[in-house]
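Worksheet: one structure, shown below.
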Amino acid sequence: MTAKTAQQIYNLSAQNASEALTQLHEADILSTRKISRGTTAYIAHDILDLID
């Protein structure tokens, strides 16, 4: 999920979406991966492992 996706899905401001994802990353709940210039994807590997 990107901050823009979180913003759209949860009707958040861009700043609040970014801060929420950053907090989850800092808590080691999400990992990050650069997907394009200026865009970071936040990934929950534990959840994806359950699907796989």
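Throughout, numbering of the chain's residues begins at 1 and tracks the sequence.
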Pairwise side-chain contact, T40 with H25, heavy-atom cut-off 4.5 Å (strictly under): no
Pairing residues for A14 by the side chain to side chain contact (heavy atoms under 4.5 Å, CB included) criterion, not counting sequence neighbours: Q7
Report the residues that fulfil side chain to side chain contact (heavy atoms under 4.5 Å, CB included) with S31, sequence neighbours left out, ordered by chain and then residue number. I43, H45
Mind checking the [atom1]-[atom2] spacing from [X] to [Y]? Nearest 0.5 Å is all I need.
X	Y	atom1	atom2	answer
L21	I29	CG	CD1	11.0 Å
D46	I51	CG	CD1	11.5 Å
N11	N16	CG	CG	11.0 Å

Minimal heavy-atom distance between A6 and A17, with the atoms involved, is CB-CB, 4.1 Å
